[in-house]
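Here is how names work: the chains are called A, B, and so on, in the same order as the sequence lines, proteins then strands, and each is numbered from 1.
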Amino acid sequence: MVKYIVNFTIYFSLFIALLYFIRFSNKSKAYRVFTIYLILISIIQLTSEYLFILKTGHTIFLFHYYFIGQYILLSIFYFILLKYKWILWILCLVLGVLLFQYTNNSSLYNRYNVIGAVITQMVLVIYSLIYMYKSIYAKGEFVLVNIGVFVYLLSSTLLFASGNLVFDFGFPESVSRMLNDLNAILYLLFQILIFMEWYRNYRLKTA
Amino acid sequence: MEQQFFSNQNQFLTILVIAIALLLFMATAIVLFFYFSRRKIIQTQLEKANLELSYQKELLQATLITQEEERARIAQDLHDAISSKLNVVSLQANLLTDENLTVEDAHKFGNGILKITNTVLESSRKIAHDLLPPTLEKFGLQPALEELIEELEETKRFSIDSEINIPHGLVPSHDELHLFRVVQELFNNAIKHSEATKLKLLCKNENNVLTLHYTDNGKGFNVNQSNEKLGLGMSGIENRTQLLNGALSVVSQPDSGVEIILKIPIMNE
């Protein structure tokens, strides 16, 4: 059952990315940045699935692209929505910290970067919280997506934080798979919210 | 040893799942909190907008009623003072065309026509004057108000104490008209409803605030009963005060007269 959900999220992410991409050209900046984010995620998921089928084993390097790409794109996304300049400063600062981390410790590439992931996800959670607060008073774009970002990033942080257990404490592969499955379930929730946002606000309406 | 490792592992997984469930729960709680706050705020805004709308509707209705009353009054005036008299003129002019008319009769009818047309002229001038006093347009607010007071004094119903000091050009002409209408409405109320014997009107400019202070010793009214207020044309005065960006204070109680203070800021350009 869970296996189906995992598979479903992979193809569903491609599907959602395509849905958003259809009206890419005549939409707001925030919409475009978010579409690029969706495309990035679906590419990473598909590559991961492809590597898994090939049984090459190592897919963990994709995680670095995932969380850094997610952080950059969603930071720009929230910068457009919130219009706070300091978001860009924080973006540069965090990227600097990550650069320092990776240059200092090249073995990090083969593990989960727990600290990096937690920092970037928490920063994004704070942005989404600020945006939620702002959208109380005014009708804004991407309210549902924002809820999805908030719920998914907040709860998945802990999953990523415990990712290295498999390496550090010799937990069996089944634990890692279970964590992946849990993540897939949470991610499905996020995807449903993204889909609902598209359906409510951006679907092609026959006038 | 191995067993302990597995039980540790299970324990860890349980804690992890509980922690994630808790985070999920907290996240949902926060989202719900925002959602309900938003709903509440929207509801409050809606109620406020509705209230404003109904107030505006009331205002509009009051304005329409006043307009209709004014039309009815003008129609009545035109009918009584002009149409009926012109009928008589027409009748007498018709008699003048009679072939067997004597010179004496012609004189009589001619005089009659002259007399009636003079009255009609006077009446039409009066109606026009009531609609828009030429004094206001030609000489400004102060002479127009003085003229209004004089006219009221001629009715011999009131003793009027007035002090008006509004330099010409102090108030823009469209605002002058509003102020004039306010005073006119106050006097109308005094005539129609108040049963007052003494009126007092003070108008002066102090520190760029024009103050209009009106008092009478009439029977007053209940300020809190809006229906009564509407009937007294107070809504018109309120509207005009709003248009003048002014502040209106109405103090009155049944049997203890009315005191109305209107303050409007003078814009120095």
Return yes when atom [atom1] of [X] has more than 12 non-hydrogen atoms of other residues, nucleotides or ligands closer than 6.0 Å, and no otherwise.
X: A:Lys27; atom1: NZ; answer: yes
X: B:Gln43; atom1: CD; answer: no
X: B:Arg39; atom1: CZ; answer: no
X: B:Asn50; atom1: CG; answer: yes
X: A:Tyr66; atom1: OH; answer: yes
X: A:Trp86; atom1: CH2; answer: yes

Dump the intermediate steps for side chain to side chain contact (heavy atoms under 4.5 Å, CB included) on B:Ile30 and A:Leu129, then the final yes or no.
CA-CA 9 Å; B:Ile30 291 172; A:Leu129 205 61; 3.8 Å; yes

Quick one: closest heavy-atom pair of A:Ile136 and B:Ser37, and the distance?
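It is CD1-CB, 4.0 Å.
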
Might you point out which heavy atoms bring B:Phe34 and A:Tyr133 nearest each other, and give the distance in Å?
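Closest pair (atom of B:Phe34, atom of A:Tyr133, distance): CE2-CA, 3.5 Å.
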
Set of residues satisfying salt bridge (charged side-chain N to carboxylate O under 4.0 Å, His left out) with respect to A:Arg200, sequence neighbours excluded
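If we apply the salt bridge (charged side-chain N to carboxylate O under 4.0 Å, His left out) test to A:Arg200, skipping adjacent residues, there are no hits.
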
Could you walk me through whether A:Leu154 and B:Leu24 satisfy the side chain to side chain contact (heavy atoms under 4.5 Å, CB included) test, starting with their C-alpha distance in whole Å, then the side-chain angles of each, then the deciding distance to 0.1 Å, before giving a yes or no?
CA-CA 8 Å; A:Leu154 191 60; B:Leu24 205 61; over 6 Å; no

Measuring heavy-atom distances to chain A, does B:Ile20 have an atom under 4.5 Å in its side chain, in its backbone, in both, or in neither?
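Both backbone and side chain of B:Ile20 come within 4.5 Å of chain A.
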
Do B:Leu23 and A:Val151 have side chains that get closer than 4.5 Å, going by heavy atoms?
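They are not in side-chain contact.
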
Proximal component of [X], with respect to chain B [non-hydrogen, under 4.5 Å]:
X: A:Tyr152; answer: neither
X: A:Ser135; answer: both
X: A:Leu182; answer: side chain

Using 0.5 Å steps for rounding, measure from the CD1 atom of A:Ile147 to the OG1 atom of B:Thr28.
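Answer for the CD1-OG1 pair, A:Ile147 versus B:Thr28, is 10.0 Å.
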
